[in-house]
Each structure stands twice: as structure tokens, then as C-alpha cells.
Amino acid sequence: MRKAIPRVVIVGGGFGGLSAAKALKDALVKVILIDRTNHHLFQPLLYQVATSVLTPGQIGSPIRGIVGEHQNTTVILGEVTGVDKENQRVFVNSADRENVPIEYDFLILATGVTHSYFGHNEFAQFAPGLKSLADAVAIRNRILQAFEQAEAEEDPVRHRDLLTFVLVGAGPTGVEMAGAIAVLVRNTLKSEFRRVKPESARIILMDMAPRVLGTFPDELSQAAKRRLESLGVEVRLGHGVEGIDADGVIVGGERISAKTVIWTAGVAPSPAGKWLDVGTDRAGRVRIQPDLSVPAHPEIFVIGDTASLDQDGKPLPGVAQVAIQQGRYTGNLIYRRVTGKPAPAAFRYFDKGSMAVVGKGFAVLQSGKVHLSGFLAWFAWAGVHLQFLAQSSLRVSVFVQWVWTYITGQRGSRLIVNHYGATRTKSFLPQAPPELTISTK
Ligand SMILES: Cc1cc2nc3c(=O)[nH]c(=O)nc-3n(C[C@H](O)[C@H](O)[C@H](O)COP(=O)(O)OP(=O)(O)OC[C@H]3O[C@@H](n4cnc5c(N)ncnc54)[C@H](O)[C@@H]3O)c2cc1C
């Protein structure tokens with residue numbers, strides 16, 4: 001140790017990084033928590049911001065506020081760009097400075113993942129993914145804008161294209177988004193438009209896999225598919241997307257015209273493996289040891305979505321519970337090391353189960369041998385998600401919003417907000433002033 005009080009640098013204030021910071025809050029260490037955003041994001045509810053149920057502020061909390069009472073923790077808003085393993089420092093870009101070195105005695109990298117378009121980065125401009133609050137608001141804008149454009153449009157063919165929503169990827173995010181859009185159009189928006197019928201919107205969920213929710217048991221996957229279909233979602237499986245452009249998608253040789261395509265498929269890890277120049281798995285996640293450290297560097301830990309660790313012959317999934325448990329474990333390990341206590345046993349993930357919600361009042365749940373679908377599973381889903389929100393104020397606010405939305409169908413935020421001023425969206429309106437050309441049939 002170079003300093004009297006060891007310094008622990010945590011990169012990432014997501015589920016893993018925050019959990020590590022919490023585990024270290026009473027330790028005699030100095031914690032520097034660096035994140036490129038000023039907020040911790042509850043990603044499992046991002047789809048509810050994208051579909052107007054919740055506002056961004058209901059699923060994001062300022063990191064500074066969450067760890068405000070940790071006297072040993074300093075929060076830095078900045079983007080880590082690299083790691084110098086030999087000299088034990090990370091480099092950080094902030095608003096006005098570049099590559100500022102910050103030294104560490106222990107380093108925890110918990111930098112998560114980003115979207116992966118499986119080598120087709122050209123899809124990104126036409127099919128936004130859902131990973132950040134900015135993504136969720138951009139998708140919300142697109143969905144709501146599509147209805148506004150359709151209402152102002154004369155040509156019925158354009159109506160069809162504007163009101164076709166394609167989701168690429170039928171994992172939990174795709175399934176949850178598809179169900180939520182179906183409820184939005186058939187419930188909330190139904191009575192508010194005069195020239196188009198929101199409930200006639202076409203929602204298509206596609207995946208090259210043979211079933212939706214591929215990581216769930218078959219019976220739950222079938223239950224989710226039936227439920228989606230009962231909500232009017234078209235589920236197309238077994239074909240990969242061949243192309244995405246401004247006019248829609250090409251799948252199985254067929255072009256589907258759609259103005260809104262949302263990418264809910266793959267993810268790619270952060271560049272932690274490149275920064276460290278260590279072994280990665282095929283997806284690029286850093287291969288870590290059973291104590292979550294990096295080979296030959298017992299002072300560096302990589303946790304959460306950006307790490308790769310096998311348990312019982314299978315890789316651990318990229319879910320919040322893995323990140324939380326790994327963060328807690330790493331904090332505890334460092335605490336024990338600095339206090340001279342024996343190291344804990346190797347990390348072991350305790351799988352509490354998985355859930356996915358499909359529309360209003362319906363979810364699928366798998367926990368050990370318990371397989372549930374329907375309202376009871378949805379009730380459990382709601383309870384668990386409320387419990388894991390970062391702050392009590394959010395729990396209360398989300399609970400009240402859910403009850404309100406459940407009873408009235410009204411949503412928390414249906415504002416179209418262009419943060420950088422009004423963007424020029426391709427409009428089908430004729431050039432003459434709208435009042436001269438739009439009929440009022
Ligand atoms: C839409 C969506 C829905 C999901 N639903 C579920 C669900 O229902 N259940 C479930 O268990 N899991 C779900 N997940 C997965 C879950 O959110 C992740 O497994 C979990 O967030 C991983 O935690 P993490 O700490 O590894 O990364 P994250 O929580 O993603 O945190 C990474 C943090 O690192 C920061 N960061 C990244 N790079 C840098 C850098 N260079 N410099 C500084 N900061 C950086 C980011 O800003 C972020 O705050 C979902 C994910 C998404 C995207």
C-alpha cells in the first residue's frame with residue numbers, strides 16, 4: 001500500500017459499483033466512485049419510461065445522493081478512458097479536462113455493457129437501443145411522434161407505416177416493450193385521436209431464436225407468447241433481421257414498412273478488457289477468477305455485466321443480481337484484506353430467479369422449481385422491483401404511479417421532449433400551411 005489509508009477506485013455507479021461502495025461504507029478506506037453520468041439507473045424499468053408509464057426521474061437517482069452519507073466516499077463525474085496497471089492509476093475525462101490520472105490501491109471496474117448490433121452498426125441510426133435514460137426518452141419521443149404524425153397525415157398507406165412498431169429481439173426487454181406498447185395504444189391512447197385508430201397499430205416482435213424469452217423454461221416462454229398474441233402483438237420467430245433502414249426492416253426476405261424500429265437484441269461489454277489487456281470471453285467480457293479479481297492482479301476486480309465467470313460449468317447471466325452480489329462480495333473482500341482478516345471463500349452466485357412482465361397485470365416468473373405466469377407473478381414482479389429501487393422516495397412515487405396507471409390507464413409522462421431543440425422529423429404534411437390542407441373529416 002502506498003498510502004496510510006488505502007484508496008479504492010470504483011468505476012461505474014450501476015448495480016455492481018454501488019453495491020461495492022455500500023459494502024465499503026464503514027471500512028477504513030477512501031472510496032472514489034467515478035461514473036460518466038451523475039445518476040444510478042434502474043435499467044429493468046427503462047421500458048416503462050420508453051412507453052410513458054414512468055418519468056426518467058422515477059427510475060434514476062443521483063449517485064451523490066445515494067452515497068451522500070458515506071463519509072469515506074467521493075463521487076466524480078467523469079469517463080474513464082484507460083487503466084495503467086503497472087502504476088495503479090486510471091485515466092479520466094471530465095467536462096473540462098482529459099486523461100486526468102487517479103491512483104488506486106484497489107480498482108473495481110463495474111462498467112456494464114452497451115448495445116451490440118452484431119457487426120451491423122449501420123442499424124443504429126434507424127433502430128435505437130434501450131440502455132440509458134436518454135435512449136428511453138428518445139424512444140418515447142419516437143413512439144408518441146409517430147401517432148402525432150399519423151393524425152396529421154392524409155395518406156392511409158402512410159398511416160399504416162407510421163403506426164407499425166417493430167421490436168428486434170424477443171428477450172425480456174423486447175417482450176416487455178412489446179407488451180407495454182400494446183397496452184399504451186389499446187388502452188391509454190385509444191380515445192384521444194380522431195383521424196387514426198391507435199388500437200389499429202401493428203406491433204411486431206421478432207427474433208431469430210425459435211421462442212421468446214429464450215432463457216426461461218419452455219412453458220413460461222409459451223405463456224408469454226400467448227399473452228403477447230392476445231394483446232395483438234405479432235410474434236415472428238426463427239428469422240434474423242437482414243436489413244434495417246429509414247423505411248423499416250427486411251426479415252426472411254420480406255420487407256416490413258415501419259417508421260419505428262427498436263433494437264432490443266444484443267449487448268456488448270464495456271472496453272474494460274482492452275483497458276486491462278487481459279483475457280476475455282468471445283463476447284469481450286473480462287475473464288475473472290473465483291475471487292472476481294483479474295489474473296496476476298489481485299488488486300483489480302471486474303464485476304457485473306462486463307465480467308465473465310462460470311459457475312457449475314455455465315457462464316453467469318448479465319443480470320442485476322449477479323452485479324449486486326459481486327459488488328457486495330468485492331467490497332467485503334477488500335474490507336477483509338485491509339483489516340488483515342482471512343479472504344472469503346470463492347464467490348458463489350445465489351440465483352433468486354427471473355421475471356418478465358407482459359402487459360398489464362401479467363408476468364412470468366421462475367424461481368428454482370417455481371414456475372408461475374399470470375397476475376400472481378406480476379404482483380411478485382411489482383414487489384421485487386419496488387424493493388430494489390435505489391431510494392425510498394422513488395419506491396413511493398413508482399408505487400403510486402403504478403396504482404394510478406393500473407386503475408385509470410393514464411401514464412406518468414407523455415411529453416415529446418427534444419432536448420436539443422425541435423429536430424426535423426420527416427413529415428408527410430404537404431408544404432402549404434396545415435390549416436389549409438388538413439381536412440376535418
Ligand atoms: C432495458 C434493460 C432491462 C433490464 N432488465 C433487467 C431485469 O428485469 N432484471 C435484471 O436482473 N436485469 C435486467 N437488466 C440487466 C441489468 O440492468 C444489468 O445486468 C445490470 O445493470 C448490470 O450491472 P453493472 O453494475 O454491471 O452495470 P450497469 O448497471 O450498467 O452500470 C454501469 C455503470 O458504469 C458507468 N460507466 C460505463 N462506462 C464508464 C466509463 N468509461 N467511465 C465511467 N463510467 C462508466 C455507466 O454510466 C453505468 O452507470 C436489464 C438491462 C437493460 C438495459
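Whatever order the structure lists them in is the order used to number ligands and atoms, beginning at 1. Note that the coordinates shown come from a computational prediction; the quantities given were computed from them, not determined experimentally.
- Classification of Glu234 and Arg202 as a salt-bridged pair holds, one side-chain N sitting under 4.0 Å from a carboxylate O.
- Closest protein heavy atom to atom 26 (O) of ligand 1: Asp305 N, 2.9 Å.
- At a heavy-atom distance under 4.0 Å, no atom of Phe42 approaches ligand 1.
- When heavy-atom distances to ligand 1 are checked against a 4.0 Å cut-off, Ala320 comes that close through both its backbone and its side chain.
- For ligand 1 and Gly78, the ligand atoms under 4.0 Å from any heavy atom of the residue are 42 (N), 43 (C).
- Of all the atoms in ligand 1, the ones that sit under 4.0 Å from a non-hydrogen atom of Trp275 are 41 (N).
- Not a single heavy atom of Pro172 sits closer than 4.0 Å to an atom of ligand 1.
- Not a single protein heavy atom sits closer than 4.0 Å to atom 14 (N) of ligand 1.
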Enumerate donor-acceptor pairs with a distance under 3.5 Å from any side-chain N or O in residues 65-75 to protein atoms, sequence neighbours excluded.
{"from": "Asn72", "atom 1": "ND2", "to": "Leu24", "atom 2": "O", "distance (Å)": "2.8"}
{"from": "Asn72", "atom 1": "ND2", "to": "Lys25", "atom 2": "O", "distance (Å)": "3.4"}
{"from": "Asn72", "atom 1": "ND2", "to": "Ala27", "atom 2": "O", "distance (Å)": "3.2"}
{"from": "Asn72", "atom 1": "ND2", "to": "Val29", "atom 2": "O", "distance (Å)": "3.4"}

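- Near Gly12, meaning under 4.0 Å from one of its heavy atoms, ligand 1 places the atoms 33 (C), 34 (O), 35 (C).
- Each of the following atoms of ligand 1 lies closer than 4.0 Å to a heavy atom of Thr173: 1 (C), 2 (C), 3 (C).
- In this structure, Asp312 pairs ionically with Arg348, as a charged nitrogen and a carboxylate oxygen lie closer than 4.0 Å.
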